[in-house]
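Notes follow the structure.
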Amino acid sequence: MGPMHSFHIHINGLVQGVGFRPFVCQLAEEMELKGCVSNANDGVHITFNATTAIAESFYASIISKPPINAIITYHHLKQLAQTENFGSFTIQQSNTDTRPDLLLTPDIAMCHQCRLDVITTHNKRYQYPFTTCLNCGPRYSIVSALPYDRAATTMANLTMCNSCNQEYQNIHDRRHFSQTNSCNNCAIQMHLYKSAKLCISDETQEIIDLVNEQLKAGKIIAVKGIGGYLLLCDATNEIAITTLRTRKQRPTKPFAVLYADIEMAVADVQLRPQEISLLKDKAAPIVLCELKPIAQNAICKQAIAPDLDKIGLLLPYTPLLWMIAEKISKPLIATSGNLSGSPIIFKDDEALSNLFDVADYVLTYDRDILMPQDDSVIQFTDRGQKIIIRRSRGLAPNYFPNPFEMHDSVALATGAELKSSFALLDKNNLFVSQYLGDQGTLESQLCYQETLNHFINLLQTKPREILIDKHPEYFVARAGKQQAKALSITPMYIQHHKAHFGAVLAENNLLHRKEPILGFIWDGAGYGDDGHIWGGEIFIYENKEMYRVAHLDYFPQLLGDKMSKEPRLSALSLLKDFPNKQYIIQKYFSNIEWQYYHQLIQQDQPLLTSSMGRFLDGIAAILGIRLYNTYEGEASMQLEALARTCAYKSYDSYSIPLVNNRLDWKPFLAELLEDWLQKEETGLIAWKVFYSLAKTIVQLSHHYFIDSLAFSGGVFQNALLVDLIIELLSHKRHLYFHQQLSANDECIGFGQMACYSLTNNYNNHYREKINEPDYKLQ
Ligand SMILES: [Zn+2]
Ligand SMILES: [Zn+2]
């Protein structure tokens with residue numbers, strides 16, 4: 001045995017709120033080591049005495065099998081010059097001296113062992129709705145400062161009972177140093193309100209029983225979850241669902257359904273192994289799954305997801321939700337508690353003053369939420385490609401590993417307007433905020449600002465670069481400009497679709513690739529470099545430069561935002577040069593509207609759009625599927641659902657030739673109209689639309705002789721289109737889709753950061769270049 005020395009281990013990454021200190025303690029005890037472990041703003045620090053051989057083996061054990069929810073991004077072992085004296089191995093008080101350099105632990109769904117505690121009659125947490133342990137419970141949503149300790153959470157004022165304290169002190173307990181520890185004796189108090197001023201119960205069992213009775217009676221209950229309030233009602237009661245839709249002013253947007261367990265869910269939906277494991281994942285997202293022809297639980301399919309063939313389902317991720325779902329043993333609607341267009345409500349006073357417009361009861365409890373988060377939404381295509389629809393609770397806010405090598409940067413990318421999410425790079429940690437929704441309302445703008453301020457306070461940081469979208473009207477762009485002004489820095493403008501392309505390249509580690517990559521960036525709308533509204537773009541990325549090489553041919557953009565809400569306007573715009581076919585859609589307009597809109601499309605210098613989203617909207621309206629969108633993407637989602645469920649699939653396609661760098665969609669439309677007039681089945685036409693788009697991608701990859709293709713933009717959330725691309729191309733091309741992020745505008749902040757990372761020491765020459773007019777490839 002060699003001589004004893006003192007050693008120091010520094011570990012960083014996602015190492016707080018995951019039971020790292022207790023894990024180190026236990027390992028030290030097993031190895032009979034003396035020393036201490038503590039949290040600091042740059043991770044976990046361990047000091048101990050050992051021989052060199054034992055120190056190395058202790059270090060190796062920590063690195064090779066850390067706690068299940070930990071992510072290690074940095075680790076280092078060094079021998080100290082002086083040997084210290086330790087009587088035992090202890091957890092020492094956290095050190096807050098330095099500025100934070102940490103990943104933020106997301107909220108973690110209830111673990112299996114905690115669930116067992118909740119259902120075991122003699123357990124002190126039997127039916128306790130806030131049971132947590134080292135491996136589960138709220139984290140990101142309740143943290144007010146770093147490093148992570150109870151005093152820095154919204155549980156700071158709740159004192160543990162003696163027995164909880166014993167668990168907390170016991171090195172062999174799975175709640176050793178568990179900061180969210182509480183039980184029925186030292187409980188977080190629940191309250192059930194019947195109106196803003198009338199609390200009818202504070203007693204757990206009584207509340208669960210009342211909620212159960214009222215749900216059965218068709219009532220709507222707002223229940224405080226992890227990232228905000230959820231609205232629950234009986235998913236088998238059509239009147240309850242319709243009432244919820246009316247009160248929420250949400251006529252058709254699909255609702256998610258909460259099932260007590262997988263067994264109950266399989267009675268209604270087809271579940272593949274990857275979907276089951278995602279439902280049970282620690283992030284516990286909503287997973288979109290295909291409905292069975294007969295839903296045995298008698299859920300009201302058409303009321304839940306009108307004209308769609310999939311529903312979103314989720315499992316209870318807190319003991320409280322589990323107790324409610326288990327008791328009623330029926331599927332429940334579970335949707336974000338908000339008012340139309342506004343962000344999810346997460347503060348108790350706002351819930352009580354606003355949610356009674358929608359809910360009959362409000363169930364709240366005394367643990368504040370600091371960070372609002374909706375539920376995350378994910379789907380798998382038939383071919384197994386994972387598509388993130390919304391990235392929020394459980395998935396946000398870390399982006400790991402950070403693909404950008406900018407060690408000395410503190411940069412803020414403010415993202416896009418409709419599916420907002422900002423990105424923040426600080427001390428080589430990259431954060432992509434949770435989905436922050438449409439910035440069209442004051443409430444959303446306040447929420448965006450509050451979330452951003454929270455980040456900046458938590459990390460005690462100050463951006464040195466601010467990246468913003470080119471759209472002059474965007475709230476996020478204006479907010480970014482203001483912030484830049486306050487910090488006396490010049491913001492950097494990044495075009496929307498270049499940010500999309502940058503995002504998918506960075507997600508696949510392609511930013512340093514020399515060989516060209518062809519990018520298909522198809523979405524609803526983004527402000528283009530030429531002042532028109534882009535959205536059906538084709539780019540080439542080569543030698544760290546991005547060029548727009550082609551686009552969907554322009555058509556008139558009518559009435560700004562109104563066009564995205566009314567697919568019939570897109571239809572009229574597409575039919576501008578088909579005067580003798582316009583009668584097909586004339587019935588969708590009043591006479592006055594018809595005359596007025598006609599004049600608009602005949603304008604001499606109209607604003608134009610190349611949006612693929614609007615193109616698909618227009619087709620949906622021509623086919624009579626959807627004339628108005630009550631939520632973003634509704635028409636194209638229904639077009640997709642029709643195409644997917646069509647029984648007979650033809651492998652004829654509509655033609656979109658490339659003429660002068662423009663994809664000429666007029667032949668496509670002419671052939672489609674011909675099919676329509678021949679009374680071809682709508683589902684088959686819808687199928688041919690997506691098949692033709694996939695064929696176009698194949699042809700363009702031939703035309704440009706490029707065999708690496710990348711895809712971004714909301715259109716690529718379409719599972720059918722993604723599968724068709726994979727079917728036609730995966731054996732001969734390299735295909736790159738988004739990985740951790742959504743293809744929609746939630747990836748824009750991250751993509752802005754990607755474009756910024758290409759600026760190479762923030763060189764001003766390149767800064768201009770990013771904004772340069774189009775490069776033309778002939
Ligand atoms: Zn647990
Ligand atoms: Zn207790």
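Whatever order the structure lists ligands and atoms in, that order sets their numbers, starting from 1.
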Problem set entry | Tyr168 ring center within less than 6.0 Å of Phe177 ring center | yes

For this session: To 10°, measure the SG(Cys164)-the Zn ion (ligand 2)-SG(Cys186) angle for me.
Result: 110°

Exercise. Hey, what's the angle at the Zn ion (ligand 2) spanning SG (Cys183) and SG (Cys161), nearest 10 degrees?
Worked result: 110°

For this session: Determine whether the aromatic ring centres of Phe7 and Phe58 lie less than 6.0 Å apart.
Result: no

Exercise. Has the side chain of Gln274 got a donor or acceptor atom that lies under 3.5 Å from a matching backbone atom of Gly384?
Worked result: no

Problem set entry | Angle subtended at the Zn ion (ligand 1) by SG of Cys114 and SG of Cys111, nearest 10° | 110°

Exercise. Taking the six-membered ring for Trp, is the centroid-to-centroid distance between Tyr193 and Phe356 below 6.0 Å?
Worked result: no

Problem set entry | Cys133 atom SG and Cys136 atom SG as seen from the Zn ion (ligand 1), angle to 10 degrees | 120°

